[in-house]
Protein chains: 2
Amino acid sequence: MILDAGGQLMAQGGYARFSAREVAKRIGYSVGTVVNLFNGVDGLVVAINSATFRQWTGFLESHLHGADGPDRIVRLVDGYFGFARDNLNRWAAIYEHRLPPDVPMPSLLADARSALTTVVAREVAAVLPGTPAPAVASLTRSLIATVHGHCVFALNGSFAVLGENDPLALAVGRVTESLRANGAVL
Amino acid sequence: MILDAGGQLMAQGGYARFSAREVAKRIGYSVGTVVNLFNGVDGLVVAINSATFRQWTGFLESHLHGADGPDRIVRLVDGYFGFARDNLNRWAAIYEHRLPPDVPMPSLLADARSALTTVVAREVAAVLPGTPAPAVASLTRSLIATVHGHCVFALNGSFAVLGENDPLALAVGRVTESLRANGAVL
DNA sequence: ACAGAAATTAGACGATGTTCAATTTATAAA
DNA sequence: TTTATAAATTGAACATCGTCTAATTTCTGT
């Protein structure tokens with residue numbers, strides 16, 4: 001109940017308007033219950049963001065379904081953008097939420113993130129046969145960062161204010177160039 | 001006074017702990033004064049972030065001083081990372097702060113952002129002689145997004161949790177690859 | 001039916017941003 | 001210098017937030 005209502009509230013108002021009290025009100029419980037169950041509002045947000053990560057991974061997989069060859073890379077980038085655009089507030093919450101600098105990243109969140117990375121790494125490896133695994137892993141992380149940067153600027157208005165109107169094409173372009181530079185034939 | 005104290009508070013506690021009341025307390029004024037002068041706490045944050053942008057631009061320029069040739073590109077990427085690392089909280093505040101979805105980006109902030117972009121565009125154009133201006137502008141925006149993505153992941157722990165320990169090298173690698181793919185000789 | 005454990009609550013607490021009538025301070029004219 | 005007008009500043013009230021804890025309700029198993 002809490003995760004459902006919390007996810008909906010996050011989707012509606014974004015992280016800025018998220019409130020444990022509002023979640024409690026929506027499910028008819030008191031604030032204390034909601035907050036104690038997750039060790040504070042931070043824990044609740046972490047749980048919601050982890051769920052978002054898992055949905056994102058599933059979305060990517062289904063977006064890849066049926067494609068083959070180099071087209072899968074385009075689908076991958078397109079899926080990253082698509083999920084973020086269609087779930088703007090929940091997607092943004094993943095990166096807007098920062099827990100206190102001393103507490104380590106909960107494994108719930110780290111694992112969810114790793115799962116998404118694994119999907120991308122699999123696709124990168126597929127277009128780079130014969131490339132050593134560590135190099136594939138490193139390039140994967142870098143390409144995710146590349147696409148993420150484009151996605152952030154596309155969705156927070158940075159690209160718009162700079163006059164850019166096709167961020168997805170830019171991201172696909174950079175990813176393609178880097179894959180080719182590292183030996184892929186696309 | 002307000003901007004000075006506000007910038008210091010942002011640097012110390014980050015956006016999460018930023019408070020107009022604390023700013024007022026530090027300069028010995030009341031909350032109302034601080035907030036009314038900037039049309040709410042959002043306006044104050046916008047002013048602080050714009051100042052950060054301008055400092056960032058200045059830092060980049062001074063970081064480029066004395067370098068020439070393709071080395072300037074490396075300096076550019078290194079400067080982007082360096083400022084973010086050395087001014088983590090104030091840098092992060094630029095991207096953590098989101099104003100309500102209906103209000104447009106204040107020109108104060110948009111102009112500061114454009115100024116930084118202009119510096120990068122100048123350097124990109126220098127290594128791509130003969131490239132049409134619109135193509136340079138587009139590639140510039142894309143490369144900034146690329147570096148930004150790497151910077152975000154480096155500083156928010158995403159790279160660390162994925163086992164990556166040299167984000168700067170990755171960013172330089174991607175930028176170099178894309179510049180070469182677009183005709184630069186580096 | 002009952003006792004112990006678990007879940008849940010109510011309420012107080014300190015802090016936040018917003019708002020606005022009231023007050024103080026600065027400015028310029030007489 | 002006095003005065004009147006404008007500007008700056010305040011103080012307090014308000015609604016909301018996350019956190020905490022003692023008290024209460026509900027569940028569970030004997």
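Here is the naming used below: chain letters follow the sequence lines, and residue numbers restart at 1 for every chain. Note that the structure is a prediction, hence the values are computed from the model and not measured.
Protein chain B contacts DNA chain D over a range whose 5' and 3' limits, counting nucleotides with an atom under 4.0 angstrom from a non-hydrogen atom, are dT9(D) to dA13(D).
Separation of atoms CD1 (I2(A)) and CD1 (I27(A)) is listed at 4.5 Å; rounding is to 0.5 Å.
Across every non-hydrogen atom of A20(A) and V34(A), the tightest pair is O-CG1, 4.3 Å.
A distance below 6.0 Å separates the ring centres of W56(A) and F53(A).
Ion pairing between R174(B) and E177(B) holds under the 4.0 Å rule for side-chain N and carboxylate O. Look at R75(B) and D71(B) and you find a salt bridge, because one of the NZ, NE, NH1 or NH2 atoms lies within 4.0 Å of a carboxylate O, short of that distance.
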Base versus backbone protein contacts along nucleotides 4-18 of chain C [heavy-atom cut-off under 4.0 Å; B, S, -] | ----SB--B---BBB

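Of the options T52(A), L88(A), L60(A), a side chain to side chain contact (heavy atoms under 4.5 Å, CB included) to F83(A) is made by T52(A) and by none of the others.
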Step by step, work out the side-chain hydrogen bond (donor to acceptor under 3.5 Å, both in side chains) result for Q55(B) and R90(B).
-> CA-CA 11 Å; Q55(B) 289 183 252; R90(B) 274 161 59 228; 2.4 Å; yes

